[in-house]
Structure formats: structure tokens, C-alpha cells
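Please read these numbers as outputs of a predicted model, since none were measured by experiment. Quick note on labels: first sequence line is chain A, next is B, and so on, each numbered from 1.
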Number of protein chains: 2
Amino acid sequence: MLNGRTPSVKDVAAAAGVSLGTVSNVMNRPEVVSARTRERVERAMSELGFVRNESARQLRAGTSRTLAYVMLDGTNPFFHDVAQGIELAAEDADLSLFICNSNSRAAREEVHLDRLLQQRVQGILITPVDPAAAHLDELTRRGVPMVIVDRVRGADSCCSVSVDDVLGGRIAVEHLAEQGHTRVAVVGGPDSLGQVGERLQGAREIWESLGRDPDDLIYLPTDAMTVSEGRSAGERLAGLPARRRPTAAFCLNDLLALGLLQQGIGAGLRVPDDLAIVGFDDIEFASAAAVPLTSVRQPRQELGRAAAQLVLDEATNPNHRHEQLQFTPELVARASTVSRARAR
Amino acid sequence: MLNGRTPSVKDVAAAAGVSLGTVSNVMNRPEVVSARTRERVERAMSELGFVRNESARQLRAGTSRTLAYVMLDGTNPFFHDVAQGIELAAEDADLSLFICNSNSRAAREEVHLDRLLQQRVQGILITPVDPAAAHLDELTRRGVPMVIVDRVRGADSCCSVSVDDVLGGRIAVEHLAEQGHTRVAVVGGPDSLGQVGERLQGAREIWESLGRDPDDLIYLPTDAMTVSEGRSAGERLAGLPARRRPTAAFCLNDLLALGLLQQGIGAGLRVPDDLAIVGFDDIEFASAAAVPLTSVRQPRQELGRAAAQLVLDEATNPNHRHEQLQFTPELVARASTVSRARAR
DNA sequence: CGAGAAAGTTGAAATGTTTCATTGACCGTA
DNA sequence: TACGGTCAATGAAACATTTCAACTTTCTCG
């Protein structure tokens, strides 16, 4: 009857001598079927090696048991930590998580979204290349539950989960000021990234409110937020005339900070004495650096978890209201800003 | 006619005034339908905002357009690089990639495999917790194309793609010996991991073939291959009596090496002069370390790409033969073993 | 013993797509 | 005019599951 084919409910029903409906009941509402038949069906299932066909189930149900996360940059561990948080929440809801990577390219992002739409995923979490992109509106219009992660989007058009980047910038620079630095570089870019603007803004705000000269907060733009850009920023820093050269740098993410740290140490600087460094994100590798990095910690997993919860609410709760969740970053001081002598 | 529902081929057909079959043809074999009707159908599609339902398509086709990778440890960037390689190959074959993470737990791995089976994925790539696990045989028995990544499995029971770990161990230790080290530590574990055994074996082989005293190659076992285990190995190393203390360490992966490096530098050692360090894998962060790490490079992306190609062959080629692909690792010498004075 | 309720089981319909044998229209040639 | 041939389009069947109204059997109580 089943020649090579993988067995279906029909085969199980035949083997157990019951109807299709009963087999389905055994799987979906075991309580309505008598112990005797249930057992018989279960035996038939394991004998045949039956495995539910998820496509058929989905087709009938109209939606899949899957959530998706479209991450921005697979080379930055930050996003994997966020994904991990999402995964945990998905797990709790008995859903699978589909992870995509746009690699900061809008075109890839669109391809992924298209596929996810075809897959009829329950909801989409995304750290978009551009939060204002039209293809995101498209999702909203279609009624696909969507949550923006680590970015924000105007107009309450959807939920988002982010961190107060302005505040992050403030506490980073405040910390450096407290450590006695009077000339500080801010390293990051491109400033088309919303976060770059906000972290920089926070940095400037606190700097001025401390009564410092704006000229002593030097913005060093980069083309991307990568280790190698961090290195090259370090070279530019070293090239500044000594009286203009900052004694501390606030890097807009940890990858930049790691690059800068490496370049500095390679050039013979002592960190933090000659150059103090603050990063942002507090990825695992920040604390693992040769000189452990002071960093502005984002609750990475928590970000993902919260986002997943929002998207699930949107998917299941009929009177869901869009929410813009914002977490508070906090400074984790380590050796890259606090010299051993001074610490403790 | 369609009230709120997302439109189906049927709706498109009605709107365009053609039959279901024609709409399907427009999507799957546009060449058989006349330009006039094709255009009409396409207009109807975009007007209705039609999106193919992948579940229905899969149900009919019997298999999904998806590959899956079950990675071993999401906190190790190595596996993300492998995944990236798989993704690229999947992309070329116009397939999606489903990424799962077993986090080194056999139970999670089994749950994931079960789900993937239900999903009827085209093939499964996996870096298993235990290559000998019974649930892997299960897959083979079911005829699901499967490739083991970065591990091997006896008996030609399936394809695998790996790196010659024995050779990796040899070249790492050979390099250290060439640099003049006479007492070397090998750091890693647990030795239930196949790779640990093989890399260690390679290390011992070359050591003896160089005529060195086996007692001068000191195995320092760890509980896991993580940064923090690397740190604690560093402490144990420092605790050794000076005349027994090695001047170089071969860490069985880069995370360990990073941890060891950090601990060493924190304790005031100069790397490589007081302690030389070699890692394994050559992840991105190895070259980004404060003292750039010498490491045994595995072709990470290539590993993934090759594995994907094998799984695709198994899925599509009726006279597929299982293959055990093995790549050759190569040493990338950096500052952590070659002091600046000596280099060039 | 019989009526009614409860428990258990059934069978058909529905989901959205693809495939393929069949039909229909049109054209040129014998 | 009739015939074969090509090109387009059609409609029904198939995929594997879930749901639900309807049916049968068993149980309970008067």
C-alpha cells in the first residue's frame, strides 16, 4: 500500500483500523479518544515511522508555526545574541525560528521578506537596513505581525524594541569625563545610521552640559561599524597633532572598539593610560579582549525576547496595540578606561 | 469575493478571466502562455497583491525548498561562518536555509531534527553533538539527505566535510617548535570531542618525530572550548613551577586562545616573548585580538559551501555516492607567536 | 426497560497549489 | 472541404492534514 512513500495519516488509519479523523484526534486532542484506540493508533504510528507533514498542516491552518528574524549583520555577534533571545521566546511558544541575514543590503532584505511572506510566517522580527523602507509598510498593509528590533520607526505604525541610544551616548561620555579626560573622540558611522546620530547626540549633550568646549569632542566618522574600520580610525587618531589628540575614544560599537584597541596596542599605546576606550553593545568579546573593554551594555537577549513577545501578542491578541519598548543601557566599566591603579 | 482573505490563485484566475491552470503556468512555465494572457494574469496578481502559498506548493511537490543547518554552538563565530557558506550555496540553488542551534545539547538537537523532518526539508547539514548518535542513523534510514559538517562519521554511512585535524595539530606544534620552544602546553577539552583527540594526536606525533621528550608536551584539559575556560587554563599554567612551565601554548580553538591571551596579558606576560599562543579555526576575532593570534586556519565558508553542494547532490542525483571530503588546514602566523623583532 | 445524555468515532469538505490529459481554435495543405 | 498539426487554455485530480456535523455505541437514571 505504501511503497517507499513516507506514510501519511491515511496509512496510519488503515494500519490501526480506524478513520482519518481519529488519527488526527490522537495527535491534536488525545483526550477525546479512548485509551484503547489511542494506544492502537500510537503503535501504528511508531511502527510505520509516521511523521506529520507540516506543509499540509499549515495549508489547512492558514499559517505556519514559525517566527522569523531578519538580522542586519551576521558578522556582528550582537545580532546573534538578539536572535538567541528570540529563539528562547519562540521555544516557549512552541514555534520555530527562521533566521535570515540581510548583510545590510536592502535588496537581500527584500528577497528574504518576500520568501517569508510566501511561507506565511506568524510574525516577522527585523532589524532593517532602513526603518523607513517602503517594503516594510507593505508588510504592515498585509497585516503580517512585525516588530522592529534595535531600531525605531515613526508614527506608531508597528511595534519596536530598542535601547535609549541618546542615553547610551551620554553615559559613555560622562564616564570618560569622570575619568578626567578633557579631549574625547567619538568614532563611528556612517551617520546615515539612526543609532550613530543618536549616540553622538547623547555624547554632545552631556559634553556641553558639563561645560566642556564642543571642539574638544572630536567626531571621527567611519564608513562602517567593523573591526577594520576601527583600526583605520586608530591610525587617523594617531595622525592628529599631539595637542589636538584625544586621550579617550568612545566607539559607537564594540567591533570598532576592538579594532581601535588593537591598533593602539600595536602602536605601543598603553590602554587606558595613553588612550581610554569605551565600546557599545557589550558583546561577549568585549570582556574577552586583551584589555577588557568598558562598554555600554544593551540587554541583548532581553531585546530579542521582548520583541518576540510583542510579535506574538500582535499575532494572537485581537485588540493588540502597537508599543515602542525602550530599554535602558548601562555602563560596564572595565580595564580599558579604568587603570588598574585607580580601580579599587 | 475575497473578504479580507489573502488572495489565492483562484482569485487571480477569476480576476484575470482565465483558469487556475493558466495562472499556475504563468508562474511556472511562462513560455507556454501567450503574451496577452500572461500580461493580464500578471496585472491581476499585482492588483490583488497575490503571494504564492508555499505550504500548498510544498504539499503538492512533496518536498520543501529549504535546507537546514543544525549548528553546534551559537556562541562560537566559527559556526556562523560555516552557516554563511551554506547560505551562499543555498542561495545559488534558490533554496532557503533554516538555521538551528543545538547548543551542544543532544536533546535540543533531536527536537530540531524532528521538526525538520516534519518540515520535509530537502536536506540537513549538521555538526552533531555526537556523530555516533542513533537519531542520525534514523535520518539516513528515512532517506533524508544529510551531511556531517566539521566532524566525521564511520562507515561511509553518509557524506561529511571536515578538516584534517591531525594535520592541524601537527602544523601548530611544528610552528612552535620552529620558533624555538622546548616546552609546550596543549589546551583544550573535553577529550570526548573527536577533534580534541585528533588535534592532540597530531601535536604529539610531530613532537615525537622531532625527537622531543613527550613530557615536555603538557596536556592541559578543559571542560569546554570557551573563552572563560581559556582564562582558567591560563591560571593553571601560571601556577606551574617555573622549570615545568611551558613557554608556548597550543589552544585547540580560538576562543580558548583568546581567553588565555587575556589572562596572560592581565598577569603581565609579554606575548609572544613570555608566552607564545597558537589558536585553531582562525575566526575573525583571532586577527582582531590585541596581539593578533596565530591560528590554524580552517576554510570556514568553504566547508559550508562544500557541504551544501554534497547535500544537494544527494537530494537530486539518483546515483549519488557518499563522500568524505577533507580540507587541509593551514597555519596563519601572526604576532602571538612571532615577536616583532624576529618577524621580517 | 426505555429515554436521554455522554462518549467515541466517522466521513466528507476544505485548504492552495501543480500537473497533465483533454479540448478548442486556428492555420496551411492536399 | 477535409485533414493533420500547432499553439493555448482548461478542468479535474492529487497532495496530507484538520475540522465538524452527524452518527453509533455505551452509560445512567427514572
Side-chain angles (χ1 to χ4, degrees), chain A residues 1-42 44-45 48-66 115 117-121, chain B residues 1-42 44-45 48-66 115 117-122 142:
Chain A
M1 170 222 314
L2 72 160
N3 28 335
R5 275 191 314 106
T6 95
S8 71
V9 253
K10 209 197 286 195
D11 303 311
V12 174
V18 298
S19 75
L20 293 199
T22 301
V23 178
S24 174
N25 281 338
V26 169
M27 297 192 284
N28 303 307
R29 323 181 193 62
E31 70 281 3
V32 311
V33 21
S34 74
R36 255 171 55 71
T37 22
R38 192 182 342 151
E39 219 170 87
R40 207 140 41 88
V41 170
E42 273 160 358
M45 281 179 169
L48 293 176
F50 169 77
V51 176
R52 245 206 196 98
N53 183 324
E54 184 64 21
S55 325
R57 202 231 268 253
Q58 277 178 32
L59 174 56
R60 180 63 229 240
T63 177
S64 76
R65 303 201 49 70
T66 306
R115 256 204 251 264
L117 235 36
Q118 295 191 16
Q119 231 123 233
R120 304 289 195 266
V121 293
Chain B
M1 169 219 319
L2 74 161
N3 27 338
R5 274 188 317 105
T6 92
S8 71
V9 253
K10 208 197 286 196
D11 302 312
V12 174
V18 298
S19 75
L20 294 199
T22 301
V23 177
S24 174
N25 282 337
V26 169
M27 296 190 285
N28 303 307
R29 323 181 194 58
E31 69 281 4
V32 310
V33 21
S34 74
R36 254 170 58 72
T37 24
R38 185 173 357 141
E39 216 169 273
R40 205 139 42 88
V41 170
E42 274 160 357
M45 282 181 168
L48 293 176
F50 169 78
V51 176
R52 246 207 196 93
N53 183 326
E54 184 65 20
S55 322
R57 202 232 266 253
Q58 277 179 29
L59 174 56
R60 181 62 229 241
T63 179
S64 74
R65 303 200 48 69
T66 305
R115 255 204 251 266
L117 235 35
Q118 296 191 15
Q119 231 122 231
R120 302 289 193 271
V121 291
Q122 288 230 335
R142 283 206 138 73

Report the nucleotide, chosen from C:dT17, D:dA16, D:dT10, that has the shortest atom-to-atom distance to any side-chain atom of B:N25.
D:dT10

5'-most contact on DNA chain C (nearest-nucleotide basis), A:R40 vs B:G21, goes to A:R40

Between C:dT9 atom P and A:E31 atom CD, what is the distance in whole Å?
13 Å

Say you draw a straight line from CE of B:M27 to CZ of B:F50; how long is it, rounded to the nearest 0.5 Å?
4.5 Å

For a quick check of understanding: with a heavy-atom distance under 4.0 Å over all strands, which category does B:V23 fall into, base, sugar-phosphate or nothing?
nothing

What is the nucleic acid contact for B:T37, judged by heavy atoms within less than 4.0 Å: base, sugar-phosphate only, or nothing?
sugar-phosphate

Is B:T22 close enough to D:dT10 that one of its side-chain N or O atoms is under 4.0 Å from OP1 or OP2 there?
yes

Quick check for you: to the nearest 0.5 Å, what is the distance between A:T63 atom OG1 and A:Q119 atom CD?
11.0 Å

Any donor-acceptor N/O pair, B:D11 side chain to B:S8 backbone, under 3.5 Å
yes

Using only modelled atom types and a 3.5 angstrom limit, is any donor from either the side chain of B:R60 or the base of C:dT18 paired with an acceptor on the other?
yes

C:dT17, C:dT9, D:dA9: which one has an atom nearest the side-chain heavy atoms of B:R57?
C:dT17

Under 4.0 Å: is that the gap between some side-chain N or O of A:N28 and OP1 or OP2 of D:dT18?
yes

Atom-pair distance (CG on A:N53; P on D:dA16), nearest Å
7 Å

Say you draw a straight line from CZ of B:R57 to CZ of B:R52; how long is it, rounded to the nearest 0.5 Å?
4.0 Å

If you check every side-chain atom of A:F50, which of D:dT19, D:dT17, C:dT17 has the closest atom?
D:dT17

Please tell me which of the listed nucleotides, C:dG16, D:dT17, D:dA9, lies nearest to the side chain of A:V9?
D:dT17

Please classify the nucleic acid contact of B:R29 as base, sugar-phosphate, or nothing, using heavy-atom distances under 4.0 Å.
sugar-phosphate

Base, sugar-phosphate, or nothing: which does A:S34 touch, judged by heavy atoms less than 4.0 Å apart?
sugar-phosphate

